[in-house]
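The sequence lines fix the lettering, A, B, ..., with proteins before strands; numbering per chain opens at 1. Values below: all heavy atoms of this structure, side chains included; hydrogens, waters and symmetry mates excluded.
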There are 2 protein chains.
Amino acid sequence: MSHFTKQVEENYLKALFKLKSREIKKVNNIALATYMELNPATVLEMMRKLADKNLVQVLPDKSIQLTETGERKAILIIRKHRLWEVFLVDKLKYKWNEVHDLAEQLEHIESDDLVNRLEEFLKFPAFDPHGDPIPDKNGKIKLNATIPLNLGKKGKTYTVKSFAETEDAFLDYLTNINIQPGTKITVLDLYEYDGSSSVQINNNKLHISEKVAQNILVQLKK
Amino acid sequence: MSHFTKQVEENYLKALFKLKSREIKKVNNIALATYMELNPATVLEMMRKLADKNLVQVLPDKSIQLTETGERKAILIIRKHRLWEVFLVDKLKYKWNEVHDLAEQLEHIESDDLVNRLEEFLKFPAFDPHGDPIPDKNGKIKLNATIPLNLGKKGKTYTVKSFAETEDAFLDYLTNINIQPGTKITVLDLYEYDGSSSVQINNNKLHISEKVAQNILVQLKK
DNA sequence: ATAATATATTTGGGATACCAAATATTTTTC
DNA sequence: GAAAAATATTTGGTATCCCAAATATATTAT
């Protein structure tokens, strides 16, 4: 096994986990290849290897699923990623929208003990800087019942909890329009035509696209 | 360029730097291959690639040298390594002899900004947990005039400053015999026959081999 | 100086992760 | 149900990093 096989493998597992939590429909070869920006042939080849290792399962309808082992691995990588993000923001004073790429590197550092010590050092944070829950060392994730903002109801006010997308371009946009976990958003109008909506944030009115609203996860304000 | 080319390259540069600081004689292909536990053919091939990139130079006598650029890169990797070691010991409460392998992973995280922030977070430490100096962000190394313990004089007392070897087996041994940076060692006797010596550490007499003594770097106690 | 030894280099090959293009197969649409 | 579109798979090929074994070239010892 090459030195870097493990890191590559981890990227596939993580991608599968993310796609699964993000999409309703089944994850197929093309979807995974598109998401990972890889050639379908490459992905197919790798799926066979991962299936041999009992990390994924290809169902008769060709959809790809993580096995229990695979999902567990994926969750532990995400745990690492999110804990490192907390470190970068809390200790090294990075902004919450600057840390994704660094955490993407740090998540591959191989040592369970290190992650557990990091968690303790950070005082067992429940959420990362984007508001996503941090799985515990057994892979348990506290659920944070949220809906995407585009399913919000006209006139209601919601609290931003987390985001379904962690690309820098998206996070930069959010910073720009002043949205972060904890922000209160009131849905003023929903436009069926393109799925966009008009919202109010701290006395500012704003128009946001469906794509953006889908990636903002909120809870009804009590 | 593959994803991991950079990491591989960094390992070669670091190995060359370490060999250079450790040995008097020239570093040749075999020495480097032996040190890195790689086949000479592999190393030769890589030296050509690194020479093309102006990171190393192969002299007419076949000895291998880092170029200025190569050395600079090597030093910055060592800087990262040592800063992460401080983090692991000071913040995550690792013992100083447990951190080498983890730092070996962390040193490849790619971000100058991250290292500089880490340094600031750690309050600009001058030495790592093994007593080795931490280069500054420009690659400057504070020198710590030391001699290997095997060159110590009978009857003199020395202060342990750092170590010339960072393998776990060696560090474990040191922990066992209670030697760390700061420890005072008195040379009681030197045996020419095998280069071993008899020393006193905190009222305990101890016999150490030449190999061990060579890797313990000390300063005469004032 | 020659044999023995050490070092350097070449040659041919392997594993991993990737791709583009061709070919199957399945699904959708009309 | 046939054509079009989407998806899946195969095939042939690339780059990187690695090795073992053969060969060439130095170096050392006698």
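Note on L44(A): a base of the nucleic acid sits closer than 4.0 angstrom, heavy atoms only. In this structure, Q7(A) reaches neither bases nor backbone, as no heavy-atom distance under 4.0 Å exists between it and the strands shown.
For Y12(B), counting side-chain heavy atoms from C-beta on, the closest listed nucleotide (dC17(D), dC18(D), dC18(C)) is dC18(D).
Counting distance only, with no hydrogens placed and no angle test, the side-chain atoms of E45(B) and the base atoms of dC18(D) include a donor-acceptor pair under 3.5 Å.
Looking at R82(A) and E119(A), no side-chain N of the basic residue comes within less than 4.0 Å of a carboxylate O on the acidic one, giving no salt bridge.
In this structure, F4(A) and F4(B) have parallel ring planes: the angle between them is below the 30° cut-off, well short of the 60° mark.
As rounded to whole Å, 13 Å separates atom P of dA20(D) from atom CD of E37(B). Summarising the geometry, the separation between CG on L38(A) and C1' on dC19(C) is reported as 10 Å, rounded to the nearest angstrom. Atom CG of N28(B) is separated from atom C1' of dT25(D) by 14 Å (rounded to the nearest Å).
Contacts classified as salt bridge (Lys or Arg N to Asp or Glu O under 4.0 Å) and involving residues 64-75 of chain B (residues at least two apart or in different chains) are given here: E9(B)-K73(B), K20(B)-E71(B).
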For this session: Evaluate the salt bridge (Lys or Arg N to Asp or Glu O under 4.0 Å) criterion for residues R48(A) and D52(A): first the C-alpha distance (whole Å), next the side-chain angles of each, then the deciding distance (0.1 Å), finally the verdict.
Result: CA-CA 6 Å; R48(A) 284 178 181 147; D52(A) 281 351; over 6 Å; no
With B for base contact, S for sugar-phosphate-only contact and - for none (protein heavy atoms under 4.0 Å), nucleotides 21-28 of chain C reads --------
